[in-house]
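In what follows, a structure is listed as structure tokens, so that the remarks can point back to it.
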Amino acid sequence: MTKWTTIAKHEYTYNVRRKEFIFLTLGMPLFIMVAMGLPVLLAGSSISHAEYRIGYVDKTGLFEPGNFTKYTDEELAKKNLLDNKITHFFVIPANYTATGKITIFAGKKDLMGRTVESQIRNFLIDNLLKRENKDVVERVKTPINSEYVTLNEKGETSDGGLSDFIVSVAFAVFFMLSIFTSSNFLLQGVVEEKENRVMEILLSSVSYRELLIGKIFGLGAVGLTQILAWLVIGLGILTSNPVVFAMLLDRMHVSIPLLLFAFSYFMLGYIVFASIMAGLGAVATTSREGQQMAGIFSLIGVIPMMFLQFILTNPGAPLTKILSYFPLTSPITMIMRLSTAEVQYYEVVLSTMILAVSAIVIIELSVKVFRASLLMYGKKPTLKEVIRYLSES
Amino acid sequence: MGNTVEVSNVSKSFNGQFVVRDISFDIAKGEVFGLIGPNGAGKTTIIRMLLDILRPDSGGLSILGSGLTDDIKDRIGYLPEERGLYQRLTVMDTLAYLGALKNKQSKRRTLELLETMGMLSHKDKKISELSKGMAQKIQLIAAISHDPEFIILDEPFSGLDPVNMKLVNDLILELGKRGKTILISTHMMDQVERMCDRIFMIHKGNGVLYGSVGEIKSRFGKNTILLEFDGELKDIKGVKKINHSGNYAELLLESGADTQDVLKTIASKVRVSKFELSAPSLNEIFIQVVEEA
């Protein structure tokens, strides 16, 4: 085992065992589940789907009851609603066919109102088209069951489309989350090392470069572990519902090249950000100070998300080009573009190369700053000093 | 093989101020070498330059016959002055990690050292549960558990109680006997006097004394009286300075003073139970040099 892998392994096991790490990793999904589940639970306790008992008052004379209760008198319907005999009723006015306007009365505030509406909608369509053939009625209810096929120059078809777009959005969110969480670990890890003064012992065994690279990979892996744990827990919850799982399987046709690109952009982009964070950790005297500085870089990383619409619709614009090549923005920009439109081959190669070279250069620069500022305990180097460190050979 | 360490004309400045100015010394293989000087003299800076943690502005350094490669680093043990360990790791995990970074992990040797230092029963405790002195002993073990050829100890005795001081002292002597080259940086002169073969004294970044302890002492001449007595001792003719410590005193003679006359004067004032003519202690030499500088 080389020395930097020993350091990476140590950083990983040391930090994964932190109470804060375990708490945040398991606590976050729990928190989100509670935050999202609570309204559903509350709504569920008021009325559950199966319990809808819907009535209607028809002033056109066109509609037959089916599963619904027909009322001729609006006052009786109101009384039944208040007595809880029905959960909802709606009034179809005489001019309904011209305006489409109906009034729905509900007994309780209902957070799941849309389900009621869709039941009413199906009831209306069934009645309006009662002379049509059953298949046609079904088509009116769900006219599209789409599948995308993209035709490229070679005449071959590749499917994807929406799935690819979902993957690219997921990639962007995932990437940003990873950067935000890992930057925390990296900053903390480097700043803490300065505080606990183990640094000098380590430096009598390894070089600054080995130490920093070990930290970048070890602490970076900690951040990835957290994100992966969240992903697994999230997918686990999603797929625990067989209907959703089947739907996901059915809808997902992600192209393999996109996944490969996503992986390489992710790792390279991640290394770039992680190296910057480690460098900042070396300069910062407290982790709070480091986080403020890190925020600037993280914000730059989010820029492609803000210009998403523009990037996708203007592939040739200078802004799109800049965002596609600039190492802090290229991972998200390129994956977005790759998933939605044809991107020139050279663009992918060029942006990947810029990203890879930047990763190496930034690691080297961070090592320099690290070396220059590490032993200046408690003293923050000025910007001028940092620039001098960077320019020293 | 020649010298373990060679330092030639090394200078280092921070923000335009010299911390170390044009110093040169060698440490021979198998020697116990004292790097001494008051606080802030530049001792730690020299050590950091030896280990390539800092780079000198000018001058040359060599350790174990070459530049500082990874392989060379594995043959060096270092106890830094800034003491710190990972608080949440256990003693054994700490030593295993630091040992792994030296590529020479020996669990058996680590356990033996823990035994020697009276720390074996604490091996599964977290560092945060240890006292300061205990943590310091763990650091010392970490510095030598990979059986290095060259050991650098920066203020190894600071913060230790007398019992632990003796333990550390014995351990260093034992390592010296086994032929290890040892560099001790300290301002505790009595320790250096007893342990070191040769010393290099640095003051305000300048080298002021360099040589074997005996040779340096004889250079300052037999101008000191060690006295054990009862009574009040003051204003003795021919004595420049008196360092009291209870019933003992170290008397520095003026140049040209006759020791027999001094003895007579002393005998007339106090009851003398021991009178010895000797070279000044390293501590006194140290103070003299610092005051003259």
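Numbers restart at 1 for each chain; the letters A, B, ... are given by sequence-line order, proteins then strands.
- Each of B:I152, B:D52, B:D74 has some count of heavy-atom pairs under 4.5 Å with chain A, and the biggest count is that of B:D52.
- Both the backbone and the side chain of B:L101 come within less than 4.5 Å of a heavy atom of chain A.
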task = Begin from the C-alpha positions of B:K180 and B:E149 and carry the test salt bridge (charged side-chain N to carboxylate O under 4.0 Å, His left out) through to its verdict.
result = CA-CA 5 Å; B:K180 307 291 178 192; B:E149 288 165 46; over 6 Å; no
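- Within the structure, every pair that satisfies the salt bridge (Lys or Arg N to Asp or Glu O under 4.0 Å) test and touches residues 13-37 of chain A, not counting sequence neighbours, is listed here: A:R18-A:E192.
- For a residue to count as touching a neighbouring chain, one of its non-hydrogen atoms must lie under 4.5 Å from one of that chain's; by this rule B:E81 does not touch chain A.
- Contacts classified as salt bridge (Lys or Arg N to Asp or Glu O under 4.0 Å) and involving residues 115-126 of chain B (residues at least two apart or in different chains) are not found.
- Between chain A and the options B:D93, B:I76, B:L98, B:L89, heavy-atom pairs under 4.5 Å are most frequent for B:L89.
- Using bins of under 30°, 30° to 60° and over 60° for the plane-to-plane angle, the ring pair B:Y86/A:H10 lands in the tilted bin.
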